[in-house]
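Worksheet: one structure, shown below.
In this text the structure is predicted, and so the values were computed from the model without any measurement.
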Amino acid sequence: DQALGFIAWPTVDNFSDPKEARLVRLLGDILRLRLIDELREGQAVTYSPSVSASASGVFTGYGYLSAAIEAPPEKMAGFFADADRIAAALATGPITADELDRARNPRVESLRRSQATNEFWLSELQDAQTDPARLPTLRTVISDVETATVEDVQAVAARYLSPDRAYRVQVVPTATAAAAPAE
């Protein structure tokens with residue numbers, strides 16, 4: 001009785017510009033805040049819209065920012081319209097300082113917590129001898145997020161959140177699948 005709506009915008013990989021990839025993640029956090037305000041608080045369509053930002057560390061030129069929800073099939077058209085409207089608003093601005101802080105502060109805290117673990121350092125340092133960019137990139141991970149400005153995130157939103165670049169996927173139950181007996 002539920003459908004899945006997914007929308008994704010191509011972005012940057014982690015090789016080309018690690019700082020830009022970090023800004024895309026911040027943008028994703030702001031997108032999540034706005035989707036929660038609209039879809040959960042405003043419309044009660046879904047409890048927890050999912051937003052993800054992925055910048056490939058393997059494939060050059062591959063990254064994306066995505067949003068997804070599970071909701072009744074009749075709510076899917078509204079989700080895509082709302083996601084498009086919110087993306088357009090982010091791309092044209094303004095993004096507020098409060099939104100940036102609500103996105104940035106948990107991200108910085110999470111980065112600091114992860115850097116206190118051996119798992120983080122084992123993962124991040126494993127390729128340091130063969131990848132000369134690894135250590136300089138690692139050294140700036142927190143400062144890139146802490147020093148990001150509203151204008152920085154706004155520029156990233158304008159660069160990537162174009163409606164003509166978005167991919168949309170909708171998965172809806174069929175009458176046959178809905179009528180099939182549970183096994």
Side-chain angles (χ1 to χ4, degrees), residues 1-14 16-56 62-114 141-172:
D1 64 341
Q2 295 289 298
L4 172 71
F6 178 85
I7 183 169
W9 298 266
T11 62
V12 65
D13 62 72
N14 209 38
S16 305
D17 192 341
K19 183 174 183 174
E20 178 109 342
R22 292 170 185 152
L23 291 172
V24 169
R25 287 184 194 101
L26 271 176
L27 174 61
D29 293 338
I30 294 169
L31 175 62
R32 178 181 300 110
L33 291 170
R34 288 196 182 182
L35 283 171
I36 287 171
D37 285 347
E38 179 65 28
L39 300 175
R40 178 170 68 190
E41 305 296 331
Q43 299 178 28
V45 169
T46 186
Y47 180 74
S48 184
S50 171
V51 176
S52 177
S54 178
S56 180
Y62 181 76
Y64 63 89
L65 175 61
S66 67
I69 68 163
E70 282 185 43
E74 63 273 9
K75 301 290 186 179
M76 287 298 114
F79 162 68
F80 289 112
D82 291 335
D84 286 340
R85 181 180 45 76
I86 291 168
L90 288 169
T92 59
I95 294 172
T96 68
D98 177 62
E99 286 177 311
L100 180 58
D101 285 342
R102 289 183 4 204
R104 177 190 3 237
N105 295 341
R107 180 157 297 280
V108 169
E109 184 59 33
S110 175
L111 288 166
R112 289 188 197 282
R113 273 195 315 270
S114 69
V141 66
I142 291 177
S143 64
D144 283 350
V145 176
E146 286 180 323
T147 61
T149 66
V150 168
E151 293 79 16
D152 294 335
V153 179
Q154 185 76 61
V156 167
R159 198 165 16 264
Y160 297 114
L161 294 182
S162 173
D164 59 327
R165 298 184 68 213
Y167 295 93
R168 290 167 180 75
V169 175
Q170 178 174 283
V171 179
V172 295

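- By the 4.5 Å heavy-atom criterion applied to side chains, Leu161 and Leu65 are counted as neighbours.
- The side-chain contact (heavy atoms from CB on, under 4.5 Å) check on Pro94 picks up nothing, with sequence neighbours excluded.
- Residues meeting the side chain to side chain donor-acceptor pair (under 3.5 Å) test with Arg168, sequence neighbours left out: Asp84.
- Every residue was checked against the side chain to side chain donor-acceptor pair (under 3.5 Å) condition with Ser52, not counting sequence neighbours, and none meets it.
- A search for salt bridge (charged side-chain N to carboxylate O under 4.0 Å, His left out) contacts involving Glu151 returns nothing, not counting sequence neighbours.
- Side-chain contact between Phe6 and Val171 is absent, with no heavy atoms from C-beta onward closer than 4.5 Å.
- Closest approach of Ala91 and Ala157 over heavy atoms only: CB-O, 3.7 Å.
- With sequence neighbours left out, Thr147 forms a side chain to side chain donor-acceptor pair (under 3.5 Å) with no residue at all.
- Qualifying side-chain contact (heavy atoms from CB on, under 4.5 Å) partners for Asn14, counting only residues two or more places apart in sequence or in other chains: Pro18, Ala21, Arg25, Ala55.
- At least one side-chain heavy atom of Tyr167 sits under 4.5 Å from a side-chain heavy atom of Pro10.
- Not counting sequence neighbours, the partners of Arg34 by the salt bridge (charged side-chain N to carboxylate O under 4.0 Å, His left out) test are Glu99.
- Checked by atom type and distance alone, the side chain of Gln154 pairs as donor or acceptor with a backbone atom of Ile95 at under 3.5 Å.
- Legend: residues meeting side chain to side chain donor-acceptor pair (under 3.5 Å) with Gln170, ordered by chain and number and at least two apart, are absent.
- Glu74 is linked by a salt bridge (charged side-chain N to carboxylate O under 4.0 Å, His left out) to nothing, counting only residues two or more places apart in sequence or in another chain.
- In this structure the side chain of Trp9 reaches within 4.5 angstrom of the side chain of Leu31, judged on heavy atoms.
- Contacts of Arg104 classified as side-chain contact (heavy atoms from CB on, under 4.5 Å), with partners at least two apart in sequence or in another chain: Leu26, Leu100, Asp101, Val108, Val145, Ala148.
- Residues meeting the salt bridge (charged side-chain N to carboxylate O under 4.0 Å, His left out) test with Asp29, sequence neighbours left out: Arg32, Arg107.
- Judged as a side-chain contact (heavy atoms from CB on, under 4.5 Å), and not counting sequence neighbours, Pro106 has no contacts.
- Annotation: side chain of Pro72 is not in contact with side chain of Asp1 (no heavy-atom distance under 4.5 Å).
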